[in-house]
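Worksheet: one structure, shown below.
Heavy atoms only: backbone and side chains are in, while hydrogens, waters and symmetry mates are out.
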Amino acid sequence: MRKIMKFGGTSMGSGEAMSRTADIIMSYDCQRAAVVSAMSGVTNSLLEMMGDNGKEVPEYLNWLRRKHLDAARDNVSPELMPDYLEQLEHQLSGLGHLIHLYRQDEDRIMYQDALASWGERLSSLTLSFILRTRGADSLALTSEEVGIVAAGPPGNGGAVLPATESNLRRTLTPLLNQGKVPIITGYYGVDGRGRPLTFGRGGSDYSAAVVGHGVDADVVEIWTDVNGFMSADPRVVKEARTIAEMDYGEAAELAYFGAKVLHPRTIEPAKRKGVAVLVKNTFNPSGQGTRIHGLDRHSQDLLRSVALKTGLSIVKIYSSELVYQPELVARILEAISADGTTIYAVSTSLSTLAVVVPSEGVQEACARLKGFRDQVEAVKIKEDAALICAVGDGMLESCGVSAKIFAAVADVGANVELISEGASDIALNFMVGGSKAADVVRRLHELYIGA
Ligand code: ASP
Ligand code: MG
């Protein structure tokens with residue numbers, strides 16, 4: 001049995017949390033490595049240091065030093081402490097140097113991801129010393145050291161799986177075979193020029209799956225602060241429950257639209273190799289969690305989960321040219337997403353293009369459409385809309401699914417504002433007005449998931 005365990009920011013958030021994390025790692029004796037996030041709050045603080053109101057460097061390094069020393073204090077033995085302190089100081093001075101470079105240089109993008117990645121270097125070091133104190137043969141390794149290769153735009157890279165796999169076979173697999181417990185930095189890989197490239201916020205989940213893929217793990221365990229995926233947001237549906245088991249495809253849909261249980265890209269590397277992903281709660285280790293793997297039979301229930309995303313707007317773009325100029329659609333979408341705005345759904349008709357974006361960026365996104373004045377007749381925005389994502393592989397084998405789902409929408413007097421069906425076999429996504437959204441979710445849950 002070979003497992004990759006990932007611990008998030010809350011599981012690394014204090015000495016107490018790290019001690020609990022170390023207990024969990026020590027409770028197994030199979031081959032194992034951990035991929036870790038920064039201590040909670042640290043990545044945010046690093047990003048703040050890149051802003052205009054960033055703290056003075058010595059003051060900031062002091063804060064980080066204190067935070068990690070607090071976590072180490074009761075958990076690292078006096079024998080190991082000098083070694084830990086030396087390595088911690090080494091990492092802190094590396095960070096100080098980088099912040100200076102960042103603040104002096106005009107080409108800041110060059111240092112941005114390296115800076116953002118620093119919290120993981122500090123947390124992995126600390127946890128590995130805690131494990132050594134408990135007798136494990138543990139070592140901290142950076143993404144550079146194990147060879148996680150990344151490509152893509154700054155702040156939003158992806159792993160290059162074949163290159164990463166061949167590196168990990170050389171760097172990590174032998175350590176696992178020797179019974180060592182490597183603690184690896186999550187969140188980033190290294191680009192073609194040897195520079196850190198992060199995988200987007202929450203990217204450590206994805207790092208763990210990339211490592212699991214590379215070393216052919218049996219399971220990737222995502223240790224977080226919730227019990228797993230749920231059949232609905234428990235704040236909306238009282239009866240919502242933890243989902244024991246689901247298919248890769250269902251998890252990918254839910255991770256994208258639903259609660260932030262998992263970084264949405266986590267599923268893909270795991271699925272490629274058939275590595276199971278298990279979501280577990282660090283603060284409730286005996287809970288069964290959610291097991292995600294390739295299911296060979298479909299669910300009896302129509303739906304597995306109903307996710308809800310509020311705070312969205314529907315932008316309707318009217319143009320009689322649309323149907324004759326397909327490239328116009330592409331250019332409009334490009335303009336809307338130019339500043340990184342996420343497009344959650346798109347729907348087209350003969351002369352209308354409807355695009356769903358977060359409400360917070362909608363005015364700016366529409367301002368970027370000014371350049372299309374000659375082709376676009378009107379732009380209308382409907383704010384306060386919510387996206388409902390009904391997910392279940394039970395949909396694959398039943399007919400009249402849409403009719404059943406939209407009947408539930410009508411039951412609560414809501415109006416379907418936009419539908420994006422068919423892109424996925426196991427998810428039906430549609431928009432309703434924000435004020436009715438919770439009612440729709442409750443009704444769907446009651447009818448097709450049950451108490
Ligand atoms: N530390 C990074 C973040 O806060 C990555 C992660 O935690 O997954 O986004
Ligand atoms: Mg997370």
Side-chain angles (χ1 to χ4, degrees), residues 1-8 11-39 68-69 71-91 94 119-148 164-189 204 207-223 275 278 280 282 285:
M1 173 79 163
R2 179 178 283 177
K3 67 165 89 183
I4 304 302
M5 311 171 82
K6 181 265 170 175
F7 293 91
S11 309
M12 301 292 284
S14 63
E16 201 192 331
M18 279 203 209
S19 167
R20 201 173 290 125
T21 291
D23 286 343
I24 293 170
I25 297 174
M26 294 304 288
S27 72
Y28 297 98
D29 62 3
C30 60
Q31 287 194 9
R32 64 217 191 277
V35 171
V36 296
S37 291
M39 292 182 77
H68 289 81
L69 282 180
R73 183 170 304 120
D74 297 327
N75 293 312
V76 174
S77 69
E79 294 74 47
L80 292 172
M81 202 43 120
D83 195 7
Y84 172 68
L85 290 176
E86 193 189 318
Q87 294 192 39
L88 182 67
E89 287 311 316
H90 180 73
Q91 287 290 357
E120 274 69 13
R121 301 168 198 262
L122 301 170
S123 65
S124 56
L125 180 69
T126 307
L127 182 64
S128 79
F129 271 86
I130 295 176
L131 286 162
R132 282 172 64 184
T133 297
R134 297 178 186 216
D137 192 356
S138 180
L139 73 167
L141 291 169
T142 60
S143 303
E144 288 87 339
E145 287 166 325
V146 293
I148 297 177
T164 302
E165 179 175 16
S166 80
N167 288 340
L168 290 171
R169 284 200 175 149
R170 195 166 32 79
T171 56
L172 194 59
T173 305
L175 299 175
L176 293 170
N177 285 333
Q178 289 160 26
K180 298 204 193 289
V181 185
I183 309 298
I184 305 162
T185 51
Y187 189 33
Y188 75 99
S204 300
S207 300
V210 168
V211 173
H213 169 279
V215 301
D216 290 303
D218 297 290
V219 60
V220 171
E221 293 181 353
I222 305 292
W223 288 84
V275 179
L278 183 60
K280 294 273 285 178
T282 305

CD (E86) with more than 12 external heavy atoms under 6.0 Å | no

Is the shortest heavy-atom distance from the side chain of S138 to the side chain of I183 under 4.5 Å?
-> yes

How long is the gap from CG on D83 to CG on L125, to the nearest 0.5 Å?
-> 8.5 Å

Please examine the side chains of T282 and I24, heavy atoms only from C-beta on, and report whether any two atoms are closer than 4.5 Å.
-> yes

Roughly how far, to the nearest 0.5 Å, is the CE atom of M5 from the OG atom of S11?
-> 10.5 Å

Got a sec, which residues hit side chain to side chain contact (heavy atoms under 4.5 Å, CB included) with D218, two or more places apart in sequence or on another chain?
-> M1, R2

Over all atoms of both residues, closest heavy-atom pair of P82 and P78 | CD-O, 3.2 Å

Side chains of R121 and Y187: closer than 4.5 Å at any heavy-atom pair?
-> no

Any side-chain heavy atom of P182 sitting closer than 4.5 Å to one from L139?
-> yes

Mind running side chain to side chain contact (heavy atoms under 4.5 Å, CB included) on I4 and V35 for me, showing each step along the way?
-> CA-CA 7 Å; I4 304 302; V35 171; 3.9 Å; yes

Check: A140 main-chain N/O paired with S124 side-chain donor or acceptor under 3.5 Å = no

Without swapping roles, check the side chain of S14 against the backbone of A17 for a donor-acceptor pair under 3.5 Å.
-> yes

Close side-chain approach of L141 to T171, heavy-atom, < 4.5 Å | no

Which heavy-atom pair separates F7 from M12 by the least distance, and what is that distance?
-> O-CG, 4.0 Å

Got a sec: does the CD of E16 have more than 12 other heavy atoms crowding it under 6.0 Å?
-> no

Closest heavy-atom pair and its distance - S37, G8 | OG-CA, 3.4 Å

Heavy atoms, side chains only, cut-off 4.5 Å: are K6 and S207 in contact?
-> no

Flag the pair T21 / I130 as yes when at least one side-chain heavy-atom distance between them is below 4.5 Å, and no otherwise.
-> no

Are S123 and E120 linked by a side-chain donor-acceptor pair shorter than 3.5 Å?
-> no

So does K3 pair up with E221, basic N to acidic O under 4.0 Å?
-> yes

Going by heavy atoms in the side chains, are I148 and T185 under 4.5 Å from each other?
-> no

Please confirm whether the backbone N or O of L88 pairs with a side-chain atom of Q91, one donor and one acceptor, at under 3.5 Å?
-> no

Shortest non-hydrogen contact between A208 and I222, atoms and distance | CB-CD1, 4.4 Å

Backbone N or O of I25 within a donor-acceptor pair of the R32 side chain at under 3.5 Å?
-> yes

Set of side chain to side chain contact (heavy atoms under 4.5 Å, CB included) partners for A72, sequence neighbours left out = V76, M81, Y84, T126

Rounded to the nearest 0.5 Å, what's the gap from NE2 on H68 to CG on L127? Could you check?
-> 11.0 Å

Among N177, T173, V215, L175, which one satisfies side chain to side chain contact (heavy atoms under 4.5 Å, CB included) with Q31?
-> N177

Apply side chain to side chain contact (heavy atoms under 4.5 Å, CB included) to V275 and H213, showing your working.
-> CA-CA 7 Å; V275 179; H213 169 279; 5.5 Å; no

Go through the steps to decide whether R134 and D23 satisfy the test side chain to side chain contact (heavy atoms under 4.5 Å, CB included), and finish with yes or no.
-> CA-CA 9 Å; R134 297 178 186 216; D23 286 343; 2.4 Å; yes

Shortest non-hydrogen contact from V211 toward I184 = CG1-CD1, 4.4 Å

From CA spacing to verdict: side chain to side chain contact (heavy atoms under 4.5 Å, CB included), M39, M18 | CA-CA 9 Å; M39 292 182 77; M18 279 203 209; 3.7 Å; yes

Enter the distance from L168:CG to L176:CG here, rounded to the nearest 0.5 Å.
-> 9.5 Å

